[in-house]
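Each remark here refers to the structure printed beneath this line.
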Amino acid sequence: MQQMVQVLVDEPAIDREFTYLLPPELASGRVPINVGTVVLVPLQGRSIRGWVTDLDPPTPGDVELLPISRVMSLGPPPHVVELASWAAWRWAGTRAHFLRTASADRVVSGLPSHSSGGHRGAQISVSADAPAWVAAALASDNKTPAVVRMGPCADEWPLVAAALRRGPLLVLVPTVAWAARLAGRLRQAGISTALAPRDWAGAAAAHAVVGTRAAAWAPCGPLRTVIVFDEHDEAYQEEASPTWNARDAAVERARRDGAQCLLVGPMPSPDSLAHARQPGAPAASTLITAPRPSELEAWPRVQIADRRRDDPTAGEWCGETLAGLLRTDSTVVCVLNRTGRARLAYCASCGELACSEHTGRPLRLEKQQFVDPGSGEKRPAVCESCGAIRFRRARVGVKGVAEEMERLARRPVIQIVGESAAAADSTADSTHRRRRAPSSQLADGPALYIGTEAVLHRVPSADAVAFVDFDQELTAPRYRAAEEAFALLVRAARLVGPRTGGGRIVVQTRLPAHPALLAAVEADPGDWIRAEVERRSQMHQPPAAAWALVSGAAASTYIDLLSAGDHAGELDIAGPAEGTWRVGSDDQDVLLHALAAAERPSGRLRVAVDPLRA
DNA sequence: CGGACAAGCTGA
DNA sequence: CAGCTTGTCCGG
């Protein structure tokens, strides 16, 4: 009787396992056959890649089995294959999707032999005395993740070094640059290190694996410690469906390995605090905070510029504090999350903003008419309060602010918007703008920059960062708005460095008492996060509830199935709004069970579990 | 996904 | 009713 194997084909639309024969010559080839091994199989006359999922499957009745055509490559180890099955459940996706992420992007027929044997932990020469709070973080029980709070400019090394001594380590960071920097530092310390997912084979053998999102699927053996830095960062979440989150996958991976998991960052996310609040774990033991003086030191000075106190006849966008900052000889990065020149208009003689008399919303100026953006209703452009007919377009975008900045600072302002950048002066036409290489946008000496959020990623360092209109971030109509706003302050903090080095952030706002702002000013997000968690719980928002957004042509059929299912009573179905339904439940398991139980109708269907934006 | 096959539409 | 399109099914 010839050996059989079960194979999951790499075709998410099929998402099924099939049994194949394993010819003896393939079973004894160079690449060992294991759960996870990548093979090529015939299916309906086609040749499809797939993963071995069972080495001893039950004999299927009444079908003639075909043999595997080729053994292609080493694949994810069995425990990662199991993790992929868990993730497929957790984010209502297919196993094939996650196994792709967990597999090398080319053929791997063997692992590097030099590092495969020895446990390198013993030879680690990194400094032995970790601060007490770092030791405490690593010593907490392995049952639940420890949430570790430290300032944005704090050095991550003591935590990494202490973790290294315990055994194999997986570190996730949000950006490739951070991963490369940390991997370099680890290698310099003599640690066998792999940068995942690029060095797939290396990750299977290294003592330390560092990488971004996909590194949660690295082919490492059992881990002793898993660290996720900047666990609040949205980069960990896949935007396309399945909307999996690498932090949450890492938490589950650590749990399965019995590894200690540290969720580290300047702002513990409500989601992570929910992870840490598993049954049986006292809340106090799971949030570990850097000592007050070091957390304070790891923040720049955050200054609130209360726009309500500014002289209204001075700058339109830059208040007194910001204007003063612009006149100093320093590098200042200004952030405004809007581009262009909006079509809002205000009266040239009395300054009244043109608004609809019915809805109160601002009107757009098109030719000589006002247009209500909501209803499309038009009326002649005449000022409601003084009757004048001359209007000026409000400068609510980066371009308008750039002009004002140049006037105040009397030096050029570099605009950085999305993928392109340009000097503010009008001679730089759009073609010129597009042809410029990114590096040429950055000035040598002190310079002024203005841009959307992208500017925080593109300018490597600055003396100060100023948020021109932070209220827009704080009050955005999304349940995570305050969290996202605070994340911007964290990014800005990294650009300007700690207060001891003169790092400074200026926040222009009309909401100077907003708890998220006070948290940054005081370098202590504790109270704000606690309030945020409480608010989410009251509003039945994540993490107090689990949500799935359902959209696509087949969505209404799928929603009908969900409404008719066994657990329909425990589901909260809202919508459709713009073709999207929101299915929620206070119990994540109930939602996931319902999603899995409802049969997927044919046709386009997107199911986004726990999306960042809902 | 992509081939197979069935059921519907059209035109001389 | 051949010849074509469109839809549904199913894979070892």
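Throughout, protein chains are lettered first and strands after them, A, B, ... in sequence-line order, and every chain is numbered starting at 1.
In this structure, the CD atom of A:Gln44 is 14 Å from the C1' atom of C:dT8, given to the nearest Å. Here the P atom of nucleotide B:dG3 and the CZ atom of A:Arg46 are 7 Å apart, to the nearest Å. Between the CG atom of A:Leu43 and the P atom of B:dG2 there is a distance of 12 Å, rounded to whole Å. Taking atom CD1 on A:Ile48 and atom P on C:dG12, their separation rounds to 10 Å, with Å as the unit. One atom, CD of A:Glu599, and another, C1' of C:dC10, lie 13 Å apart when rounded to the nearest Å. For A:Glu11 and C:dG12, the CD to P distance is 15 Å, given to the nearest whole Å. A:Arg600 places its CZ atom 16 Å from the C1' atom of B:dC1, with the value rounded to the nearest Å. If you take CG of A:Leu8 and P of C:dG11, they are 16 Å apart, rounded to a whole angstrom.
Checking A:Thr243 against A:Glu238 by side-chain atom types alone, no donor-acceptor pair falls below 3.5 Å. For the residue pair A:His79 / A:Glu82, no side-chain donor-acceptor distance below 3.5 Å is found, with atom types taken as modelled.
Residue contacts shown for A:Ile14 include a base, since a base heavy atom lies under 4.0 Å away.
Looking at A:Arg16, its side chain has no donor and acceptor atom pair within 3.5 Å of the base of C:dC10.
When all heavy atoms are compared, the tightest approach of A:Val228 to A:Ala250 is CG2-CB, 3.9 Å. When all heavy atoms are compared, the tightest approach of A:Arg95 to A:Asp15 is N-OD1, 3.8 Å.
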